[in-house]
Protein chains: 2
Amino acid sequence: MDLKERLNQILEALRQRGHRITPQRMAVLKILAESKNHPSVESIYQQVRQDFPTTSLATIYKTVTLLKEIGQVLELGFADWGSRYDGNKPFPHPHIICTKCGAIVDPDYASMQEITREMARKSGFAISHHRLDFFGLCPKCQSG
Amino acid sequence: MDLKERLNQILEALRQRGHRITPQRMAVLKILAESKNHPSVESIYQQVRQDFPTTSLATIYKTVTLLKEIGQVLELGFADWGSRYDGNKPFPHPHIICTKCGAIVDPDYASMQEITREMARKSGFAISHHRLDFFGLCPKCQSG
DNA sequence: ATATGTGCAAATGGTTTGCAGTGAG
DNA sequence: CTCACTGCAAACCATTTGCACATAT
């Protein structure tokens with residue numbers, strides 16, 4: 001999805017609910033709207049500080065939490081490496097995670113809907129979303 | 001897998017590496033060897049305390065961490081609800097999680113290997129394991 | 001006998017919260 | 001003007017660590 005378009009979606013969702021667009025918040029939104037690298041809170045913090053040096057970690061957390069609540073960011077919680085965020089594709093989708101360098105990429109994969117339907121039928125659950133992660137070494141780390 | 005057999009596997013893995021089998025540890029192992037309910041550390045703690053009231057949380061954590069290190073327990077880390085553990089099937093497999101009551105069940109599903117191969121081919125990653133979670137309401141919670 | 005495991009208490013670290021001051025709408 | 005947001009510091013809480021004692025082997 002086009003970054004500017006995605007950013008506008010997020011802005012619109014915030015405005016609809018009466019939330020304000022501050023410079024710090026805008027900086028976070030921009031990072032999350034691209035977020036091809038699925039950044040951590042700490043990573044977002046470091047980036048935002050380049051433009052707004054007084055920004056606090058708490059502000060990043062508050063913004064990310066808000067976006068989570070209104071469904072504008074997808075949280076990937078890992079037991080060992082903390083959470084990573086995807087604001088570009090905030091809906092459930094597969095990920096491939098490099099266990100060495102921590103890179104997270106989105107493979108293209110379409111048939112999850114079929115699998116989800118099959119799961120629901122067999123289990124009796126009313127399935128609302130899913131999460132599928134593959135772990136391994138990315139091409140770069142395989143030669144390291 | 002048969003519970004007694006699974007327990008023996010874990011015991012064997014511990015003995016091989018020179019770890020001792022204490023009563024407290026045995027209690028944890030038994031719980032994890034069945035673990036159809038994918039217990040949390042706190043839940044394991046409460047159960048163990050029924051038989052060994054002086055057991056400390058730290059001991060549970062240490063045992064679970066040890067089992068994780070030797071690959072005898074699978075950790076499911078959730079950003080919002082902490083970690084849950086599966087010592088009965090310590091290898092990657094799908095889960096269905098009730099977002100209301102927190103129940104976690106294992107559906108039977110075989111074709112993950114195909115999907116994993118396909119993923120590896122398309123991404124260039126050397127995939128070592130995966131994780132697939134479906135979230136929704138279990139049959140019981142749908143009528144609640 | 002020996003060194004691994006236990007249990008307690010303290011430390012840790014990521015995340016959240018309270019609150020006074022700031023600024024977007 | 002108002003009320004949501006920011007930034008700081010303190011609070012939180014799950015998990016980890018240090019250490020003296022206990023005990024499995």
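Throughout, a chain's letter reflects where its sequence line sits, starting with A, and its residues are numbered from 1.
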Find the distance [X]:[atom1] to [N]:[atom2] and express it as a whole number of Å.
{"X": "Ile60(A)", "N": "dC5(D)", "atom1": "CD1", "atom2": "P", "value": "14 Å"}
{"X": "Asp80(B)", "N": "dC12(D)", "atom1": "CG", "atom2": "P", "value": "21 Å"}
{"X": "Leu11(A)", "N": "dG25(C)", "atom1": "CG", "atom2": "P", "value": "10 Å"}
{"X": "Arg25(B)", "N": "dT23(D)", "atom1": "CZ", "atom2": "P", "value": "15 Å"}
{"X": "Phe52(A)", "N": "dC5(D)", "atom1": "CZ", "atom2": "C1'", "value": "14 Å"}
{"X": "Met26(A)", "N": "dG23(C)", "atom1": "CE", "atom2": "P", "value": "17 Å"}

Using side-chain contact (heavy atoms from CB on, under 4.5 Å) as the criterion, list what pairs up with [X], not counting sequence neighbours.
{"X": "Ser43(A)", "result": "Pro39(A), Ser40(A), Gln47(A)"}
{"X": "Glu12(B)", "result": "Arg15(B), Gln16(B)"}
{"X": "Gln113(B)", "result": "none"}

Open item on the list: Please tell me if Ser56(A) has a side-chain N or O lying less than 4.0 Å from either OP1 or OP2 of dT6(D).
Closed with: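 Checking Ser56(A) against dT6(D): no side-chain N or O falls below 4.0 Å of OP1 or OP2.
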Task: Gln24(A) side chain near dG23(C) phosphate (N/O to OP1/OP2, under 4.0 Å) - done: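 For Gln24(A), the contact criterion (side-chain N or O under 4.0 Å from OP1 or OP2 of dG23(C)) is not met.
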Task: Pairs flagged by ring pair (Phe, Tyr, Trp, His ring centres under 6.0 Å) wherever residues 8-42 of chain A is involved - sequence neighbours left out - done: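 Every ring pair (Phe, Tyr, Trp, His ring centres under 6.0 Å) pair that includes a residue of residues 8-42 of chain A, provided the two are not neighbours, is His38(A)-His95(A).
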Task: Neighbours of DNA chain C within residues 13-23 of chain A, by heavy-atom distance under 4.0 Å - done: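 Per residue number, the list reads Arg20(A), Ile21(A), Pro23(A).
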Residues which pass salt bridge (Lys or Arg N to Asp or Glu O under 4.0 Å) with [X], listed by chain and number, not counting sequence neighbours:
{"X": "Lys89(A)", "answer": "Asp106(A)"}
{"X": "Arg84(A)", "answer": "none"}
{"X": "Lys30(A)", "answer": "none"}

For residues 134-144 of chain B, tabulate all N or O donor-acceptor pairs below 3.5 Å that involve a side-chain atom, not counting sequence neighbours.
{"unit_1": "Gln142(B)", "atom_1": "NE2", "unit_2": "Gly124(A)", "atom_2": "O", "d": "2.8"}
{"unit_1": "Gln142(B)", "atom_1": "NE2", "unit_2": "Leu137(B)", "atom_2": "O", "d": "3.1"}
{"unit_1": "Ser143(B)", "atom_1": "OG", "unit_2": "Lys140(B)", "atom_2": "O", "d": "3.0"}

Task: Inter-axis angle, terminal five-pair segments of the helix from dA1(C)-dT25(D) to dG25(C)-dC1(D) [nearest 10°] - done: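 The angle, to the nearest 10 degrees, is 40°.
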Task: OH on Tyr85(A) to CD1 on Ile44(A), rounded to 0.5 Å - done: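 Here the interatomic distance stands at 7.5 Å.
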- [ ] List for me each residue that meets ring pair (Phe, Tyr, Trp, His ring centres under 6.0 Å) alongside Tyr45(A), sequence neighbours excluded, and say none if there are none.
- [x]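 With sequence neighbours excluded, Tyr45(A) shows a ring pair (Phe, Tyr, Trp, His ring centres under 6.0 Å) to no residue whatsoever.
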Open item on the list: side chain to side chain donor-acceptor pair (under 3.5 Å), that's the test. Do Glu42(A) and Gln46(A) meet it? Break it down for me.
Closed with: CA-CA 6 Å; Glu42(A) 184 62 30; Gln46(A) 296 304 338; 2.8 Å; yes
Under 3.5 Å between N/O atoms: give me all the protein pairs with nucleotides 13-16 of chain C, atom names plus distance.
{"unit_1": "dT15(C)", "atom_1": "OP2", "unit_2": "Tyr61(A)", "atom_2": "OH", "d": "2.1"}
{"unit_1": "dT15(C)", "atom_1": "O5'", "unit_2": "Tyr61(A)", "atom_2": "OH", "d": "3.0"}

